[in-house]
Amino acid sequence: MNPQALEKKWQKKWEEARLFESEPREDQDKYFVNSPYPYMNGYLHLGHAFTYLRADMVSRYQRMKNKNVLFPFAFHCTGTPIVAAAQRVKEGEKGQINALKQMGLSKTLIKTFSKPEEWTKHFPDKAIEDLKKFGTSIDWRRSFITTSLNPPYDGFIRWQFNKLLAGEYLIKGTFPVVWCPKRETVVGDHDRLSGEGETPQEYTLLKFKGEDHFLIAATLRPETVFGQTNLWVDGDGTYTKAKVGNETWVMSQKMPFKLKLQGHKVKELGKIQGRDLIGQKYMAPQIGNEIIVLPSKFCDASIGSGIVTSVPSDSPDDYQGLVDLQNSSSDCEKWGLDYELVTSVQPIAILDSGEMGTLPAPKLCKELGIKNQTQRKKLEQAKQDLYMHSFNHGIMLDSTEYVAGKPVEEAREIVKDKLIEEGKAVIYYELTGPVESRWLADCVVKIVDNQWFLEYSSEEWTKTTEKALETMELYPFKARSQFEYVLQWLKNWACVREKGLGTKLPWDDNWVIESLSDSTIYMAYYTVAHYLKDLNEKQLKESLFDAIFGDGNTKLAAEESGVKQAEIIRWRNEFNYWYPYDLRVSGKDLIQNHLSFSLYNHTAMFGEDKWPRGFAVNGWVLVEGEKMSKSKGNFFTLKELTSKYGADVVRFTLCNAGEGLDDPNWEISFAETAGKKLKNWLSFVKKNKGKGRTTTHPIDTWFREIMASIAHQANAASERLKFRTSTRLLFFELPQYFKWYIQRADEPHVEILKEYISIVNRGIAPIVPHTAEEAWSLSGEEDFILNQPFPEGHKPDLNLITGEDLVKQTLEDTRAILSIAGIDNPEEIVFIVAPEWKWNAVHTAGELADSRGQVKLAQLISGVMPTIPSESKKLGADFLKKWVLKDIPSLGPDWQSKYAQQVDEAEILSASVDFFTSIFNCKITVVNADQAKSSMASKTNQSSPLRPAIFVS
RNA sequence: GCGGGGGUCGCAUAGUCUGGCCAAUUGCGCCGGACUCAAAAUCCGGUCCUUAGUGGUACGUGGGUUCGAAUCCCUCCCCCCGCACCA
């Protein structure tokens, strides 16, 4: 049977048995695991598969630990990408249509994709199909899509936001967005021809008072106003004079338009030439001096405000501009400037940038050998370096008055706020780089009024959320510091948008709730999703949600919604049974947004008993060590992989790709060979059903103990979601031991063979469920393997293992010696076990050992020597010396326990003579050192407890 | 720059928290052998150097702590992820 057929068979059986349709059961502990729903603008890929596999393995593992498990799944459709993509299809854009074609969609289907709803129908269905074929243990009855396309969910989100508003978790503010002036719309990343990732950046607009107007200059470094020496304009450029509010401003020609979008009242008055400004003097903000306007080449009337305030101490551009002008009296003459006056302008030190000094810009320019202001590349680099350096290391000098001694980072905010308060500056936004919209227009920044924010920066709310985090179980432990950091750093989140799919803000139809904000507590919705599914919009009253998810009155809810009160109570009970969720499995990229948001919203919406119990985070899947991407050609959808390799191979190899926070690395070569391994296991199980001897063999006990020990370790690993470790132990390591067992015992014992098969089957069931089910049934067992207990084992009894370790060690040593000696066909091999007195010596050493296992040599020698036969006294001293100085350190602490019980080495090795003979095909002799032939004396002396001397000939 | 995670024997991974059973796990690859007319599959053995075994070197670099360091501390170098309004 090919893997797909086998998998289909078991998937059908699971479905028929309704194995994953979870219902509350009061007599059983529950376990609720979930994972963030995927965004539905494409098929599920290997990256999704990894996270969902982890959730599925937990789900299956917990079922085997006798938990009543709920694992639901849903689909995210909120936001702009689907709408934007649909719009592109509608406009017939080639790139978008090709992308869909590449996914294997038919032409007719693609046509329908001009409607966003079609996306939300097609992809969820396909995702369900893919995940079913992947063998996930999901309760599909509870699935849903988000947005207003699903009225019950829509109602749930409206209910949530009403509660958030009432609880004062929402605040209003303004917010800068990227704006297309042509289309008059917000421009997200997917609406851009170029400039992806560019965002609005805050500048401080400084106002320089002149006789009847202000010059306007934008700066990113308001704290440097203390060092202003002059202004720069583009002498060849043209500027605009405009009335802004009650003042008259001079600025670049494009700026009035931008100012309007940023909430200013602007009326253009006329033009003014840059050259007319040169030589004029203006009152500089903060320093209260008049400074002169000078011409520069780097200053461009079309960028920003077109006017720059000059701080030569800390800006390489400004410094170089000044030097250039001071080096050229002819230029000064050309612009009608007083050369004397120009040369008198000098940089003013305002902040200490550590090793860069208090006048870093002049220093840098000289060091870099910058000749003039047209060396843009060097100057740009110098500016970047200096900007970061000063920001991180700079301390304001005494001359800066109220910010003296403060780090630049703090001073910047203080100075900015003060200037704004005094009316000497305003906030202004520019983009971090040029952005061109799909509608072929250059984008600008617009300030949105009335923007709603979730107030994640609220101290009180954060405190409660931190408390919630404290009680949570995090996988891996390492993730905690990351979460702690995020919670204290998280800022307010703009939670509504002007466009895109989603739920409308209940109290303002013009806003749609944003996609990271409508997905914070929906795990609660899973508990009753299958009941709410059929309700109509009129029934979806606030009171109903209050009654199910809170302490709302069920009678009132029944009256308002028309749902029977008993039903509502049942739903509430189901919510209370499953909630809170025990584990949410996600990629690590969601720590800083989604998972943290989810935690915040839980503390806002629910009581402490409903706060999340666990987060598990994992890395991003790499393929052959490289990031998966369509352009690299290493992009795999879940669907193509399961149909190529089968679900279990994909699960097995993904599980083996990694665990913890590291990026898991999926290897194709392993996927190619893993199928064979699974198949081999099946044939092994089939072939060995009921086989084995009924007589006992000394080695049986050893293997039983090994099985228990491996199972014990695997169970502990699985408990911490380390399923790779678990699989390695059970599927790779245990079989190694089994091989050894077979080598030693020829035929396994019937009960032990059965136990071995059972342990491996149950152990790998969470990872490769189809193979495990098949093997379970092949081995003659009844029922689903999923209903069996996961093997737990126990810690091994070392005494039962030591003897076999001796045989193993001896075999390895013998092999090593033979190969080094170059003997292919030995005639005789003699194992010379340590004499009694060496054992005694070791025991005595064990008794004398301190807590670290250390032994004082002198003390040991004096204690042991009397017990050593006189003929061996010299050897004895040598042995003790070596034992204490060499062996004990390498054996490690607690070395004594290994030797505590003296095993009869001669007997153990003698019992294994047949075994050794079968391997080396020669005479095997075991002797005690006391009886060894004198011809072997030099070897004999090497013997020590558990490490016999070996003589080959 | 800030925050987080890393750098291990061809490749990939375990080990690091809790220092010594660590020349170091496991998979892939490679080499040799068995089986076979042959191949595939499977099985056995090997895969740092040296050596009739318990010796040397080695876990990014350079120091330190310790009887003892892949593991703890410090320096430096390098790689990955995030720094948001985007799902």
Side-chain angles (χ1 to χ4, degrees), chain A residues 36 38-41 76 78-82 175-177 188-190 196-197 199 387-389 391-393 409 451 453 477-479 481-482 485-486 489-497 514-517 519 587-594 619-620 622 624-625 627 653 656-670 672-674 676-677 679-680 683 724-725 727-729 731-733 736 739 743 805 809 812-823 852-854 882 885-895 897-898 919 939 942 944 947 949-953:
Chain A
Y39 189 68
M40 284 291 106
N41 62 345
H76 204 196
T78 310
T80 46
I82 290 176
F175 187 66
V177 296
D189 262 349
H190 5 263
E196 202 171 309
T199 55
Y387 182 92
M388 286 317 283
H389 188 84
F391 182 70
N392 292 306
H393 306 289
E409 197 178 345
Q451 170 72 47
F453 291 87
F477 296 121
K478 273 178 197 163
S481 56
Q482 184 92 333
Y485 177 73
V486 170
W489 153 105
L490 213 55
K491 300 194 183 115
N492 295 343
W493 185 265
C495 60
V496 291
R497 294 285 175 274
E514 173 269 347
S515 73
L516 282 171
S517 303
S519 58
K588 64 179 171 187
D589 52 323
L590 296 189
I591 294 175
Q592 47 268 59
N593 46 55
H594 167 72
W620 276 98
L622 304 176
E624 303 288 338
K627 221 170 160 178
T653 50
N656 250 281
E659 60 194 9
L661 276 175
D662 296 342
D663 290 339
N665 186 21
W666 189 73
E667 289 176 281
I668 293 171
S669 57
F670 187 38
E672 297 285 347
T673 55
K676 265 185 333 209
K677 288 188 186 300
K679 217 165 139 190
N680 289 343
S683 355
R724 176 172 66 172
T725 301
T727 321
R728 284 177 175 221
L729 285 165
F731 203 71
F732 293 122
E733 282 187 35
Q736 304 279 7
K739 276 180 197 166
Q743 269 192 58
D805 282 348
Q809 183 65 54
E812 271 168 36
D813 285 347
T814 310
R815 276 200 171 122
I817 292 165
L818 286 173
S819 94
I820 289 158
I823 300 173
R852 290 188 307 170
Q854 305 280 302
K882 182 173 162 292
L885 297 178
K886 198 109 196 177
D887 293 334
I888 289 180
S890 78
L891 285 165
D894 197 36
W895 61 272
S897 65
K898 192 176 168 187
I919 287 175
K939 284 280 135 200
Q942 283 186 14
S944 56
R947 208 75 197 267
I950 298 162
F951 183 86
V952 302
S953 58

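All values derive from a computational prediction rather than experimental measurement. Order of the sequence lines fixes the chain letters, A, B, ..., with proteins taken first and strands second; residue numbering starts at 1 for each chain.
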I need the [atom1]-[atom2] distance between [X] and [N], as an integer number of Å.
| X | N | atom1 | atom2 | value |
| --- | --- | --- | --- | --- |
| A:Arg947 | B:A52 | CZ | P | 17 Å |
| A:Tyr485 | B:C83 | OH | C1' | 7 Å |
| A:Phe732 | B:A12 | CZ | C1' | 13 Å |

_Side-chain N or O of A:Lys676 closer than 4.0 Å to phosphate OP1/OP2 of B:A41_ = yes

By side-chain hydrogen bond (donor to acceptor under 3.5 Å, both in side chains), which residues pair with [X], not counting sequence neighbours?
| X | result |
| --- | --- |
| A:Asp589 | A:Trp620 |
| A:Thr725 | A:Glu659 |
| A:Ser517 | A:Glu514 |
| A:Thr814 | none |

Listed pairs, N/O of protein and of nucleotides 43-49 of chain B, under 3.5 Å:
unit_1 : atom_1 : unit_2   : atom_2 : d
B:C44  : OP2    : A:Lys739 : NZ     : 3.2

Between the protein and nucleotides 13-15 of chain B, which nitrogen or oxygen pairs are less than 3.5 angstrom apart?
unit_1 : atom_1 : unit_2   : atom_2 : d
B:U13  : O3'    : A:Arg724 : NH1    : 3.4
B:U13  : O3'    : A:Arg724 : NH2    : 2.6
B:U13  : O2'    : A:Arg724 : NH1    : 3.4
B:U13  : O2'    : A:Arg728 : NH1    : 3.3
B:U13  : O2'    : A:Arg728 : NH2    : 3.2
B:A14  : OP1    : A:Arg724 : NH2    : 2.7

*Can you list the residues that meet the salt bridge (Lys or Arg N to Asp or Glu O under 4.0 Å) rule with A:Arg724, with sequence neighbours excluded?*
none

*Return the set of residues passing side-chain contact (heavy atoms from CB on, under 4.5 Å) with A:Lys677 (not counting sequence neighbours), or none when no residue passes.*
A:Phe670, A:Phe731, A:Phe732

*For A:Glu672, which residues count as a side-chain contact (heavy atoms from CB on, under 4.5 Å) partner, sequence neighbours excluded?*
A:Lys644, A:Tyr645, A:Ile668

